[in-house]
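One-based numbering along the sequence shown. As the structure lists them, so they are numbered: ligands from 1, and atoms in each ligand from 1. Everything numeric in this text was worked out from a predicted model, so none of it was measured. FYI, side chains are in, hydrogens and waters are out, and symmetry mates aren't considered; it's all heavy atoms of this structure.
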Amino acid sequence: MTTIELPKAYDFKSTEERIYQWWEQHGYFQPVNDPNKPGFNPSLKPYVISIPPPNITGELHLGSALFVSLEDLMIRYHRMKGVPTLWVPGSDHASIATHLQIEKALRREGTSREQIGRDEFLKRAWLWKEKYGGIITSQIRRLGASCDWNRERFTLDAGLSRAVREAFIRLYEKGLIYRGPRLINWSPGLKTAVSDLEVEYSEEPGKLYYFKYMLADSVDDNIPVATTRPETILGDTAVAVHPEDERYQKYIGRKVIVPILGRVIPVIADAYVDREFGTGALKITPGHDPNDYQIGQKHGLEIISVLDTNAQVNDKGGPYQGQDRFECRKNLWEDMRIAGLVLKEEDYVLNIPRSQRGGEIIEPMISNQWFLHMESLTKPALVAVRSGRIHIVPEHFNKVYYNWLENIQDWCISRQLWWGHRIPVWYCKECKELTVTRTDPTTCTHCGSTNIEQDPDVLDTWFSSALWPFSTLGWPDKTPDYKYFYPTTMMETGYDILFFWVARMIMFGLEFTGNIPFSQIYLHGIIRDEHGRKMSKSYDNVIDPLIVMDKMGTDALRFSLLVGSTAGKDMNVSTKQVEPSRNFVNKVWNAGRFIITSLDKIEEPPISELEWTLADSWIWARVQELVRDVERLFHSHQYGEAGRQIYDFFWSEFADWYLEVAKLQLMEGADRAYYTATTLVRVLDLCLRLLHPFIPYITEEIWGYLRKSVLNSPLSEIAANWTDGLIISSWPDPRQEEGWEKECITDFSLIQDTIRAIRNIRSEKNVKPGKLIPAILTAGEKTEIFNQQKKVIAALAQLDPERVEISESLPPKQENHVSIALGSVELYLPLEELVVISEERERLSRALVDAKSQADRLEKLLASSFAERAPADIVQKEKDKLISYRITVENLEKQLKALD
Ligand SMILES: [Zn+2]
């Protein structure tokens with residue numbers, strides 16, 4: 001027999017990279033049932049996840065570490081269940097984010113995108129992508145992600161670009177895409193339109209400015225109006241009042257004069273006006289406010305844009321032309337004060353719209369943009385979730401989803417950027433018609449002129465992301481991958497992009513493929529710091545997952561994130577929280593190492609018939625219970641809870657108890673050692689399989705050693721069917737209970753309680769570790785069990801085995817003994833070896849008071865309506881507890897008497 005040497009400590013640094021390469025080289029990340037390969041069986045249902053494509057500008061943060069860990073867990077679990085699994089990786093071109101990076105680099109060189117031109121700019125962007133775009137994917141690999149890298153995609157690659165073009169054209173031909181001047185969110189910093197979702201609102205101190213709108217037909221009369229943005233006065237095209245407002249009724253239909261500019265505008269009536277707000281009269285600027293825009297549309301008001309794309313006043317702004325919007329605000333207000341039009345200023349908290357990317361204040365502006373008509377797309381998307389075809393975890397996000405889709409606005413899909421999918425529309429300079437075709441045209445399809453020019457804008461990044469689940473599989477072609485792997489199974493992502501991405505994928509999936517893109521959605525929460533604050537550079541509280549992995553290993557990080565997270569809930573994380581996971585990983589290593597090493601001592605197959613000890617049966621019953629629990633929890637997507645249960649079992653039952661008992665059993669040698677080793681191997685094997693989706697590296701490493709050692713030992717039959725790698729081994733099958741388990745678990749718990757009690761007394765009384773003490777036990781109907789477990793109890797509680805007496809009932813008065821009552825079992829330890837009597841009396845009295853109050857409490861509870869309302873088994877549990885406390889009280893009283 002060859003001895004297999006495991007290093008004493010687990011070296012994650014050298015292990016992780018080696019194991020990842022080994023997995024990848026053996027093709028374990030590829031689906032076992034591949035439609036492009038011989039032997040393909042189309043009737044096997046696959047499990048498919050498309051990765052939420054990280055931005056190529058991105059670097060791994062804890063949020064990405066969480067989603068990668070979760071998805072890898074789902075994939076590994078299904079792979080082990082024998083389901084053909086596919087996890088499609090890829091990355092997103094991230095239009096705005098990348099664009100900003102390139103512009104920043106150009107600024108550093110003293111140039112700009114306008115100076116170098118579009119072609120050169122795009123060349124730069126592609127070079128940037130080649131250089132930095134792989135960083136994020138290499139970091140995802142490091143997390144252990146078992147994606148099929150042969151199928152990696154990029155949102156701007158040729159296939160996906162074709163998919164985007166096809167999607168645009170189909171929508172255009174259906175009349176769902178239109179171009180027009182609309183009020184949009186303008187980012188003056190980025191010089192592009194941004195969607196409503198890319199605007200973040202923050203409460204900031206500001207002012208409410210009160211001023212007079214002078215009547216055109218009466219020099220003495222005015223309507224008081226308030227605004228938070230005086231510069232927009234330049235674009236006012238009406239003043240609105242509530243039709244039933246008695247103060248202002250006389251003005252309806254008359255005219256007022258725009259301050260400084262002198263334009264004359266109407267006073268209109270609209271029930272939208274809030275009479276309680278400000279002065280109750282509202283200035284209307286359809287060109288720079290979304291609500292005013294609505295009112296303007298309703299009343300057919302003129303729309304005046306007073307700002308240019310830099311947010312500077314244009315030629316409609318009279319004397320303020322060329323001024324920045326905030327400079328104009330100051331100057332105009334000053335001029336109005338001089339003109340006697342100012343009433344007052346009040347401090348006011350504003351809800352300021354800021355650009356999610358650039359941070360500057362968003363300006364609502366009228367702009368010619370491309371829009372996607374959403375209403376017809378939302379209906380099937382609503383039905384898909386309402387009917388249960390798509391299931392969202394956690395369920396309460398259904399409401400959020402419905403609410404958004406029911407109130408959806410048309411989607412502004414054009415962006416004034418260069419990096420992205422260019423809008424496939426060509427304008428003819430001769431006939432002014434549009435050419436929209438699948439391949440780039442050289443002539444106008446209407447008049448044949450070659451004088452055509454492509455729209456300079458690109459599509460919103462989320463347009464291509466919305467096609468992701470099927471474009472990555474080959475759509476619009478009906479490729480073997482598309483036919484087999486679509487619709488995908490699970491969409492796992494953060495709840496914060498439910499609208500940006502998830503809802504749009506559902507709409508596009510239904511529109512283009514006629515099918516839902518996935519049947520399940522799992523939404524994870526946001527990771528916050530230990531105080532619940534968002535992680536941000538400005539708080540200096542960002543935890544870099546790469547540093548955590550360097551210090552404590554990938555498995556420790558994964559385990560912390562997976563066990564700490566619950567669907568839909570935010571989680572607080574600190575580096576300190578990863579330490580227990582690191583300790584756990586080490587615990588697994590040490591336990592594995594002990595078991596593998598102990599196989600060396602097993603020399604021959606057994607002679608006698610199989611006979612399990614109580615501890616063997618107990619740990620087997622418990623591990624089977626664990627397998628059932630984990631299966632149930634995985635089914636309900638409670639991955640964190642499943643991880644906690646495996647952790648608890650492994651640490652506090654398997655390692656702390658069974659391994660200790662097993663050491664004694666192994667020392668007996670011969671058949672006992674053989675059977676003990678069998679149990680050790682089987683339980684460790686099951687634990688490694690259950691833990692693999694959580695901590696893939698260390699489990700694979702130990703399992704490899706275990707497999708080799710078992711095959712080299714007399715126990716080789718156990719591992720006869722084991723696969724080459726744990727990654728492709730089978731998931732433990734939950735087994736039905738056979739009937740013997742409960743009693744066995746109860747009996748072993750009693751032995752554990754007894755040992756714990758003795759250990760507690762020893763530590764309370766400061767008994768020297770290693771000092772063997774005598775004990776008397778009366779165990780009633782459990783006497784036989786206790787007799788069998790005498791050696792175990794003695795060894796684990798440090799009793800002198802020669803001086804342990806076990807009897808069915810209490811021998812006459814045990815004087816000078818410290819006593820412990822454990823339900824029907826009583827334990828006596830001689831005081832002379834432990835303590836002074838007065839302290840013992842005190843201790844027993846305290847225990848008696850406690851047991852009595854517990855018994856009283858339960859009596860009251862059982863006399864109350866609880867006994868009728870609660871389920872019978874719960875009531876029975878409380879009754880059992882009461883009986884147990886009553887026995888304890890009785891025993892304690894006896895023991896106190898014995899001290900007299
Ligand atoms: Zn033409």
Run the salt bridge (charged side-chain N to carboxylate O under 4.0 Å, His left out) test on Arg151 and Asp34 for me, step by step, so that the C-alpha distance in whole Å, both residues' side-chain angles and the decisive distance to 0.1 Å come before the verdict.
CA-CA 12 Å; Arg151 287 178 163 89; Asp34 189 327; 3.3 Å; yes
Relative to each other, are the rings of Trp411 and Phe508 parallel, tilted or perpendicular (30° and 60° limits)?
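The rings of Trp411 and Phe508 sit tilted, inter-plane angle from 30° to 60°.
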Please confirm whether Trp126 and Trp419 have ring centers closer than 6.0 angstrom.
yes
Only protein N/O/S atoms count here: give how many lie under 2.8 Å from the Zn ion (ligand 1).
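N, O or S atoms of the protein closer than 2.8 Å: 4.
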Any salt bridge between Arg170 and Glu173, counting N to O under 4.0 Å?
no
Is the shortest distance from a Lys or Arg side-chain nitrogen in Arg354 or Glu204 to a carboxylate oxygen in the other one below 4.0 Å?
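Salt bridge present between Arg354 and Glu204.
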Can a donor-acceptor pair be found between the side chains of Lys283 and Thr232 at a distance below 3.5 Å?
yes
